[in-house]
Number of protein chains: 2
Amino acid sequence: MAITIKELAAAAKVSVATVSRALNDDPKVRPETKKRVKHFADLLDYNPNILARNFKKGTSNIIGLILPDIYGEFFTEIIRGVDAVCYEHGYYPLVASSHSERSMAETMINFMGQGIVGGYIVMAPVLSDDLKSIIQKKNLPIVLINGRMTYEDCDSVGVDNQASAKAMVTHLIEKGYKRIAHISGSKKNNDATRREKGYVAALEEQGIAVDKKMIKSGDFDIVKGEQICREFLSSKNKPDAIFCANDMMAIGCYKAAATMGFKIPEDIAIAGFDDIFVSQFMTPRLTTVRVDTELIGKTAADLLIKRIAESQISSFSKIVIPSTIIDGESS
Amino acid sequence: MAITIKELAAAAKVSVATVSRALNDDPKVRPETKKRVKHFADLLDYNPNILARNFKKGTSNIIGLILPDIYGEFFTEIIRGVDAVCYEHGYYPLVASSHSERSMAETMINFMGQGIVGGYIVMAPVLSDDLKSIIQKKNLPIVLINGRMTYEDCDSVGVDNQASAKAMVTHLIEKGYKRIAHISGSKKNNDATRREKGYVAALEEQGIAVDKKMIKSGDFDIVKGEQICREFLSSKNKPDAIFCANDMMAIGCYKAAATMGFKIPEDIAIAGFDDIFVSQFMTPRLTTVRVDTELIGKTAADLLIKRIAESQISSFSKIVIPSTIIDGESS
DNA sequence: TTGAAAGCGCTAACAC
DNA sequence: GTGTTAGCGCTTTCAA
């Protein structure tokens, strides 16, 4: 066991209270006393037991980061961003996935009232009623990532999926594409539905009729993306461009095009969403929407840490992280 | 603040001690008492304050997962594996990267004696003296991932990089390739040096002279991989195959080959290491070494949790996670 | 400016 | 089998 405040107090010949105050930079402590205490703390290699501190204060410097799953770049970058900000502020991120078999709501309840975390960042692609009620009766600060941005009861950070998708499709139209198909994500996924709405909005704004047959769900999956692209390419009314709801499905399209002998972008233009790492190395370079995912994580952590530190509740923020169109050679 | 053990005790009309015992399944408690306590616990929505428990017991059900950085599939899968096992055992993973500017050693010291974690999993691609001394005088259980496997002072889990690389190169030789080049990782990275050794060992075993000019360091970087591949392909003594120390560099090679007009595998065969997600979707499918990274994380977490739970120290394990050769169409 | 002491919620030794 | 109580290391009143 490491050295305790008592031993440090004895060494510095002051009371434990003074040690505590000195180490917490209480202005009431005389500078020379403070100095002596700190000197001995260094000397004896003293580290306050954070557990005891958190326990006593009823808060925690640990942030619960609850993700629907842990895979792929998106989550990694969120974790990375959260980690970076946590480090700056002396917080630690506790990462938990919802483990599919249990609901996300359960995971959150598990954390609650246990004292382990001082607040959480929740990434909920689907905002169930369970989850909503938990957020509403929350006893800990919560920041939502990419949740429904209209939600009024907590802070949230995310991308404007709809506007970004709309911008991308508009960009394709401006480049001269007339028949733009869309491979959407899962119907249940909030991001996916927003992106599809953006696609529809762009067409409507440009006076292009929306053809339902030109929208197919690929579940964000690379293999499904390939499959659907194959269907599009072999249909009689072949599209001249495909906007995929994520880059993974776009990669699937590349594969389909290659094996079917279609050249990108001459025979079929492809656009994605996310700008994952490999996209910049694909030949031709994928046209896509870049989202600074790490910034989402950072912003969420910043928000949460502020929220944990403050006592009174100020109004909730909804922060939109901007996205950029990467005009690659695939369109 | 959530309900405490005291209030629960009052409700169930027993002492706090009985509540504690009942909830911890102490066999001394009468079944009916246990039942009543649990009933009230459910009713009142009681969750024990884990912080208080950990504090009191001087342990923690939180595992510190210290990574050199957080990006790419490898780390994600480690986190994923650790998370899965943690969940099973009621533990939580606390993820921290070493944040480059501070050393990994510092991060570990930060955790120590603070009570926050009950042990850690450390992924150290380089085992510095700092780190070694910390491991040696450790006051908390540690499991090393992919560290130097010869290290004797703690548990470790990892891949046999050398044997796997050797197997891959031998495989290439058996396929008929005569002039196999190697794009290695960073000289400082333990994985990289082991893979290079495996490459050399395979050549030697097959009676092929090792040509130093055929080994160049690409730092595990996709762009450097492309660059070096370009150099190899334009040299007068062009290799007929390139074994890259990771898939990212292999992707770089694909790019170089495509732009220089070389066909894979006819003009140049490419092999990688890691079998990252996109490798299976590359055209042609990349020949590579598959490592079950998630299993590494799982195994490490398993080991650590056992270590935390047990009181006396048994001998340290070194677990080697097997790897497989994926015989793709790029060779 | 400093010290003494209470107490956070829980577990475990001891008493009954 | 159950209750009483000390105490984990720290912060924070309250006194001095």
Side-chain angles (χ1 to χ4, degrees), chain A residues 1-38 40-41 44-62 90 112-118 139 309 311, chain B residues 1-38 40-41 44-62 90 112-118 139 309 311:
Chain A
M1 181 62 81
I3 174 175
T4 74
I5 198 171
K6 246 186 200 165
E7 307 169 67
L8 176 54
K13 297 198 207 310
V14 290
S15 73
V16 290
T18 304
V19 171
S20 171
R21 282 191 277 253
L23 262 29
N24 287 302
D25 268 331
D26 189 320
K28 274 184 260 181
V29 179
R30 220 174 342 134
E32 45 198 278
T33 316
K34 209 176 273 187
K35 213 168 167 184
R36 196 167 79 251
V37 170
K38 285 186 176 169
F40 277 100
L44 300 178
D45 212 16
Y46 170 78
N47 283 306
N49 183 317
I50 306 276
L51 228 53
R53 172 181 294 173
N54 285 346
F55 165 55
K56 166 66 183 170
K57 297 182 101 173
T59 67
S60 170
N61 64 337
I62 297 178
M112 290 200 156
Q114 290 200 136
I116 279 196
V117 303
N139 44 17
S311 38
Chain B
M1 182 61 82
I3 173 176
T4 74
I5 198 172
K6 246 186 199 164
E7 307 169 67
L8 176 54
K13 295 197 207 310
V14 290
S15 73
V16 290
T18 303
V19 171
S20 172
R21 282 191 278 252
L23 262 31
N24 288 302
D25 268 330
D26 189 320
K28 276 185 260 183
V29 180
R30 219 172 346 132
E32 46 197 276
T33 316
K34 210 176 271 185
K35 213 168 167 185
R36 195 167 77 253
V37 171
K38 286 186 175 167
F40 278 99
L44 300 177
D45 212 16
Y46 169 79
N47 283 305
N49 183 319
I50 306 276
L51 229 53
R53 172 183 294 173
N54 285 345
F55 165 56
K56 164 69 183 170
K57 297 182 100 173
T59 68
S60 170
N61 64 338
I62 297 179
M112 290 201 157
Q114 289 199 136
I116 279 196
V117 303
N139 44 17
S311 39

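So that the names make sense, note that chain A is the first sequence line, chain B the second, and so on, each numbered from 1. As a basis for the values below, the full set of heavy atoms in this structure was taken, side chains included, without hydrogen atoms, waters or symmetry mates.
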For this session: Can you figure out which of C/dG9, D/dG9, D/dT5 approaches the side chain of B/V16 most closely?
Result: D/dT5

Exercise. NA contact type, B/N54, heavy-atom cut-off 4.0 Å: base, sugar-phosphate, or nothing?
Worked result: nothing

Exercise. Hey, does B/V14 have a side-chain heavy atom less than 4.5 Å from the side chain of B/V19?
Worked result: yes

Exercise. Nearest to the side chain of B/S15, which nucleotide is it out of D/dG3, C/dT2, D/dC10?
Worked result: D/dG3

Seminar exercise, completed: From NZ of A/K28 across to C1' of D/dA15 the rounded distance in Å is 13 Å

For this session: Compare the minimum distances between each of D/dG3, D/dG1, D/dC14 and the side chain of B/T33, then state the nucleotide with the smallest one.
Result: D/dG1

Exercise. Which one, C/dC8, C/dT1, D/dT2, comes nearest to the side chain of A/K56?
Worked result: C/dC8

For this session: With the side chain counted from C-beta on, respond yes when B/N49 and B/T4 share a heavy-atom pair under 4.5 Å apart, and no when they do not.
Result: no

For this session: May I ask you to decide whether A/K34 forms a salt bridge with A/D25, counting only side-chain N to carboxylate O separations under 4.0 Å?
Result: yes

Exercise. Is any side-chain heavy atom of A/V37 closer than 4.5 Å to a side-chain heavy atom of A/V29?
Worked result: no

Seminar exercise, completed: Between B/V14 and B/F55, the residue closer to the 5' end of DNA chain D by nearest nucleotide is B/V14

Seminar exercise, completed: Per nearest nucleotide of DNA chain D, the residue lying toward the 5' end, B/A52 or A/V19, is B/A52

Problem set entry | Between D/dG3 (C1') and B/D26 (CG): distance, integer Å | 14 Å

For this session: From the options C/dT1, D/dT2, D/dT11, select the nucleotide whose nearest atom is closest to the side chain of A/I5.
Result: D/dT11

